[in-house]
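So that the names make sense, note that chain A is the first sequence line, chain B the second, and so on, each numbered from 1.
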Amino acid sequence: MSEVQLPPSYNPKEVEDKWYKIWEEKGLFEPTYDPQKPKFSMVIPPPNVTGSLHIGHALNNTLQDVLARYKRMDGYDVLWIPGTDHAGIATQNVVERELAKEGLTREDLGREKFLERVWKWKETYGGRIISQLKRLGASCSWSYERFTMDEGLSKAVKEVFCRLWEEGLIYRGDYIINWCPRCYTALADLEVEFEPKPGKLWYLKYPLLDDSDFIIVATTRPETMLGDTAVAVHPEDERYKRFLGKKLKLPLLGRIIPVIADKVVDPEFGTGAVKVTPAHDFNDFAIAQRHQLPLIKVIDEYGKMTEEAGPYAGLDRFEARKRVVEDLKKGGFLLKEEDYEVVLGHCYRCGTVIEPLLSKQWFVKMKPLAQPAIAAVEYGFIKFYPESWKNLYFDWMRNIRDWCISRQIWWGHRIPVWYCESCGEILVSREEVLEFCYKCGSTALKPEEDVLDTWFSSALWPFSTMGWPEKTKTLETFYPTSVLVTSFDIIFFWVARMIMMGEHFMGAIPFEKVYIHALVRDEKGQKMSKSKGNVIDPLEMIERFGCDALRFTLVALAAQGRDIKLSVNRIEGYKHFINKIWNAGRFVLMNLDDLKKEDLENLEYEKLPLFSKWILWRLNETIKKVREKLEEFEFDQAAMAIYHFFWDEFCDWYLEISKIYMRKDELKKSTQVVLYKVFSDCLKILHPFIPFVTEELWNFLPFRDEENLLRSSYPREQVFNFSKEEKALTETVINIITAIRNIKSEYNLTSMKDIPVIGIFDNEKIKKLEDQVEIIKALSRSETFSIFESYQKKEGEIMVLIEGGGELFMDLSKYLDFEKEINRLKREIKKTQEKLEVIKRKIENPQFLEKAPLEVIEKERRAFEELSQKLERLKDLLERIENSRR
RNA sequence: GGGCGGAUAGCUCAGGGGGAGAGCAUCGGCCUUACAAGCCGGGGGUCAGAGGUUCGAAUCCUCUUCCGCCCA
């Protein structure tokens, strides 16, 4: 017995903190810049600095960590850059809420003081998510940690803005944009979430100037009629042809507006005539551009009616709606009102109903940027996993619209622009402070107040984190990154924009592969959210079941192309697996005695007993499979392969068999070596998935190729010689054992060891089986097992058939329950008959014989042979038992 | 309105043209000195429905129903 004493159950809490600290302090997560090594790099999708770790982060970072640890062990120099995102609107909102508790608004503080507050808040809480990532075991290269508002990254942002401006790819102008009156900022199209809500459709009467006739328009937003500058109909619409070119008198305000024809009008919707409010509707804005209509803004940035709204000026937009409807009704302009489902845009940060409005904003021209980014994926320089996501990418990229990048909030990268109050020049500069206008020399400069969309800086993340625009060694060594691991909901927000910026500024793709993983949902398939109360908190799961259990669960469920519905009992199930590993480790360690390093090296494969060879072969197959699956990002399959090998083959079979081998002097040493070899390789294979328990156990192993498992080598597949005959023999042994267990269990005789078992096999097999008798006896808990070539069944014995040929006889006369046995046989017969029937139909079908591949036919024929024999013998048996009872 | 994905054991999910799988739950038997968080064994499924392709369909195609998501 070795001196190693491990407690009989694994205690994750003590182990996890200890190892993370050691790994980090030793700098094991850091790249070495060893020129001999191939490179592997990733950038983390930066979580919001305000956030705390939710289950989606846990999945995302577990998968990245699996890759990072696998590649690191496999000889790559790995850089995994971590960091956080300043999340402009979200963070500002959080701090504003804090202020509100003190009865303050950000305006009360002023810009500078407010930003101080945000920074302070960031210093206090920004570290939270980082420490939570560490709790998860993420092996990020922490010395590279970045924040999107860091000095270096800010420099990159400024550089990108200036260059795009110089290239004419950034412009400023009055356009209709999505406005959140609560966050008081413009939003990009992507940042608006649409949701159907019950609403109304109002039918309004717009009379001709001379009151001789009228047009009826339908609208879901009557208050915007105050800003109408036309009524539009479809040019082919016969009903309205006579109105074209005529003028209408806008109710309530009396404004004179034309009737125009435009193809976008859907004659099927409402009455086929639509009011046109160019300042507050995207479609209407486009119509107005085509027809040179005036733009009248009736709702302001606070969601209140403007002076243009005449008597309604100053009212809130929703209040104005009520008043307008009332007044229309009074004036006889409201013809009817019906229930209608309206699709409303909401702010993705605060949920407020978006107001489309006319505003002066900054935009990026996307078409020229999109083109090379589309090509990069088309030509396969960037590959999506699963591949189907690329269609979504193409679809969006090919219909891309210009990107509104200015935000009217304070927390973010200030747009590097000044306006000259003397000559009106727009000055774009990399300078921190601009002293005078470079056109007219005036010092009367007004800085731009707006900041950039947060995603503007995120788009640069793969190279800004590596030091761009400086030429750094990191960039040179690790750009492009190898893989981006993220979820599909930010393919547009982030992935696409990174590809565009990478192509444009680096002249190279930002990553070679994009692995898109699932969204984690609750058991009912709903998105987890705090308001629904269905959140599974990863930190709580780590507390309850251990980090490794959570990680393994997430990986095991991470099948491609499907959402993950997570339930707590799944995590609990895999916690048992962790404990199983722990105990297998205890067993191995207890049985190593004075094993020496030379013993490991001197292992002679050809001299090993059958099952030692078998387990080494199975290990080799498992290594092959896990590697293949990891390379294809089929994490779940990789996890299942090692799970089943470890539990079902190594623990359930080999460990039990090793107990027998180790009792024999001549086999003891080699068995110890095989146990050691298989177990230590399993630790290696498992480490990327479950780093803590494996590192802890590794630490108890007497000889290690590396002090830390984390830096050890990932097992490689070897050429192996385990013959077909040997495979067949192991199967037969396993089948015999299973059959005996089966019978004993059915007769509730599990603990009875004194039931003699007789096996009937052909001569050739008998010779081979002789060496396996001890194993059969031990694992089936039978004191005697004898083999003959033929045998006459005695009374009270039952017979079982062994798959692949052979029979067993067991004397159950003392215990035999005739009724039970007859039932068992009948059941067996029925099952066999059914199977046989299916196969018979097949092999009697001439078309099957003609068209099916030969090996399939062969297989079916063999199966037919076996099953018919089996059926015959079963029937015979049943008859004899029934006879003997009489 | 357009597009994508899903429906497989009681629950959560794999599989993806040639004998229906896992974890959990359930039932029966075992304290067999690594592990009762365990071991051994069992039961449980017209693979959503209908049609088609095929010698052969849970798997491919079409339609239907229901669920989820994305875009407009």
Side-chain angles (χ1 to χ4, degrees), chain A residues 1 6-10 189-190 193-194 266 268 282-283 343 386 388-389 391-392 395-396 399 488-489 491-492 518-519 521-527 545-546 549 552-553 556-591 634 636-637 639-640 643-644 647-648 651-652 655-656 658-659 675 679 737-738 740-753 778-781 834-836 838-839 841-853 855-857 859-860 863-864 867:
Chain A
M1 273 282 187
L6 300 181
S9 64
Y10 172 61
D189 301 334
L190 277 178
E193 285 172 352
F194 291 92
D266 175 10
E268 304 292 315
F282 282 86
N283 286 325
V343 181
S388 56
W389 288 112
N391 297 326
L392 189 72
D395 201 51
W396 190 71
N399 299 301
F488 65 82
D489 52 341
I491 290 181
F492 306 145
L519 226 55
R521 299 172 186 282
D522 74 358
E523 292 140 290
K524 291 177 215 118
Q526 307 224 290
K527 220 168 163 170
F545 305 114
F552 201 84
T553 309
L557 292 179
Q560 284 188 9
R562 190 172 169 144
D563 290 340
I564 294 179
K565 285 187 226 164
L566 187 67
S567 64
V568 174
N569 78 23
R570 204 72 205 235
I571 306 172
E572 191 173 11
Y574 286 116
K575 176 185 140 193
H576 299 174
F577 178 52
I578 306 300
N579 194 52
K580 188 75 183 175
I581 296 166
W582 180 257
N583 276 292
R586 289 177 68 218
F587 174 82
V588 173
L589 290 166
M590 280 176 195
N591 284 289
E634 292 180 284
D636 59 320
Q637 310 258 347
M640 286 337 281
Y643 177 93
H644 283 124
W647 201 319
D648 300 346
C651 291
D652 286 351
L655 285 193
E656 295 306 322
S658 76
K659 292 174 186 170
L675 277 176
F679 183 70
I737 294 166
T738 307
I740 299 171
R741 284 172 174 174
N742 209 315
I743 292 296
K744 283 194 171 182
S745 181
E746 265 184 67
Y747 287 93
N748 287 348
L749 304 172
T750 326
S751 52
M752 296 297 168
K753 295 184 180 172
L779 298 216
S780 69
R781 320 195 72 205
E834 280 167 4
K835 277 188 191 170
L836 204 56
V838 175
I839 296 175
R841 244 178 287 147
K842 266 189 191 175
I843 60 170
E844 283 179 354
N845 182 344
Q847 279 164 313
F848 172 76
L849 297 176
E850 197 184 316
K851 296 192 175 167
E855 42 181 272
V856 175
I857 298 175
K859 208 173 119 192
E860 295 295 334
F864 183 78
L867 286 171

What's the closest nucleotide to the A/Pro8 side chain, out of B/G18, B/C35, B/A14? B/C35
Only counting residues at least two apart or in another chain, list the ones meeting ring pair (Phe, Tyr, Trp, His ring centres under 6.0 Å) with A/Phe492. A/Trp396
OP1 or OP2 of B/C4 less than 4.0 angstrom from a side-chain nitrogen or oxygen of A/Trp396, does that happen here? no
Heavy atoms under 4.0 Å, any strand shown: does A/Asp652 hit a base, just sugar-phosphate, or nothing? sugar-phosphate
Using a heavy-atom cut-off of under 4.0 Å over every strand shown, decide if A/Leu655 touches base, sugar-phosphate, or nothing. base
Tell me: CZ of A/Phe488 to C1' of B/G68, nearest whole Å? 9 Å
Nearest 0.5 Å, what's the CZ-CG distance between A/Phe552 and A/Leu557? 10.0 Å
So if I take every side-chain heavy atom of A/Met640 and compare against B/A37, B/G41, B/A22, which nucleotide ends up nearest? B/A22
A/Glu656 near the nucleic acid: base, sugar-phosphate alone, or nothing, with a heavy-atom cut-off under 4.0 Å? base
Does A/Glu572 make a side-chain donor-acceptor contact with the base of B/A25, cut-off 3.5 Å? no
Could you tell me whether A/Leu849 contacts a base, only the sugar-phosphate backbone, or nothing, with contacts defined as non-hydrogen atoms closer than 4.0 Å? nothing
Taking only residues two or more places apart in sequence, or in another chain, which ones meet A/Tyr10 in a ring pair (Phe, Tyr, Trp, His ring centres under 6.0 Å)? A/Trp582
For B/A22 and B/C61, measure between their C1' atoms and round to the nearest Å. 30 Å
Separation of the C1' atoms in B/G45 and B/C11, to the nearest angstrom: 14 Å
Interatomic distance where CG belongs to A/Leu557 and P belongs to B/C24 [whole Å]: 13 Å
Considering every strand and a 4.0 Å limit on heavy-atom distances, what is the contact class for A/Asn845: base, sugar-phosphate, or nothing? sugar-phosphate
Given the P atoms of B/C39 and B/C31, what is the spacing between them in whole Å? 16 Å
Atom OH of A/Tyr574 to atom C1' of B/C35: distance rounded to whole Å? 19 Å
Considering just the side-chain nitrogens and oxygens of A/Lys580, establish if one lies under 4.0 Å of OP1 or OP2 belonging to B/C39. yes
Nucleotide B/C40, atom C1' - distance to CD1 of A/Ile737 in whole Å: 12 Å
Specify the separation, in whole Å, of atom CD1 of A/Ile581 and atom P of B/C35. 17 Å
Contact nearer the 5' end of RNA chain B, comparing A/Leu392 with A/Lys842: A/Lys842
Assuming nearest nucleotide by heavy-atom distance, tell me which of A/Asn583 and A/Ala863 is located more 5' along RNA chain B. A/Ala863
Side-chain atoms of A/Asn579 come closest, of B/G18, B/U54, B/C35, to B/C35
Assign A/Leu836 to base, sugar-phosphate, or nothing according to its heavy-atom contacts below 4.0 angstrom with the strands shown. nothing
Could you state the interatomic distance from CG (A/Asp652) to NZ (A/Lys580), rounded to the nearest 0.5 Å? 5.5 Å
Represent RNA chain B in dot-bracket notation, 5' to 3'. Only Watson-Crick or G-U wobble pairs with both distances under 3.5 Å count; pseudoknot-style crossings use [ ] and interstrand partners use |. (((((((..((((....[..)))).(((((.......))))).....(((((..]....)))))))))))).
What closest approach, in Å, do A/Ala584 and A/Cys651 show between heavy atoms, and which atom pair accounts for it? CB-SG, 3.9 Å
Taking only side-chain nitrogens and oxygens of A/Asn742, does any of them come within less than 4.0 Å of OP1 or OP2 of B/G42? yes
Side-chain atoms of A/Trp647 come closest, of B/G38, B/G18, B/A37, to B/G38
Round to a whole Å and report the spacing from CG of A/Asp636 to C1' of B/G16. 13 Å
Does A/Arg781 have a side-chain nitrogen or oxygen under 4.0 Å from the phosphate oxygens OP1 or OP2 of B/U32? no
Check the orientation of A/Tyr643 and A/Phe577. Use parallel for under 30°, tilted for 30 to 60°, and perpendicular for over 60°. tilted
Quick check on B/G38: is either OP1 or OP2 less than 4.0 Å from any side-chain nitrogen or oxygen of A/His576? yes
Measure the shortest side-chain to side-chain distance between A/Phe587 and A/Lys659 over non-hydrogen atoms and say whether it is less than 4.5 angstrom. yes
Heavy atoms under 4.0 Å, any strand shown: does A/Tyr643 hit a base, just sugar-phosphate, or nothing? sugar-phosphate
A/Lys744 NZ to B/G42 C1', straight-line distance once rounded to whole Å: 18 Å
Please report the distance, rounded to the nearest Å, between NE2 in A/His644 and C1' in B/G15. 12 Å
Between CG on residue A/Leu849 and CD on residue A/Gln847, distance to nearest 0.5 Å: 10.0 Å
What distance separates A/Thr553 OG1 from A/Tyr574 OH, expressed to the nearest 0.5 Å? 7.0 Å
A/Thr738 side chain, from C-beta outward: closest of B/A34, B/G41, B/G38: B/G41
Mind checking if A/Pro846 touches a base, just sugar-phosphate, or nothing, with heavy atoms under 4.0 Å? nothing
Would you please confirm or rule out a distance under 4.0 Å between OP1 or OP2 of B/A34 and any side-chain N or O of A/Lys659? yes
Using the C1' atoms only, state how far B/U62 lies from B/U53, rounded to an integer number of Å. 10 Å
Determine, stepwise, if the pair A/Phe679 / A/Leu589 fulfils side chain to side chain contact (heavy atoms under 4.5 Å, CB included). CA-CA 10 Å; A/Phe679 183 70; A/Leu589 290 166; 5.6 Å; no
Using a heavy-atom cut-off of 4.0 Å across all strands, would you classify A/Arg741 as base, sugar-phosphate, or nothing? sugar-phosphate
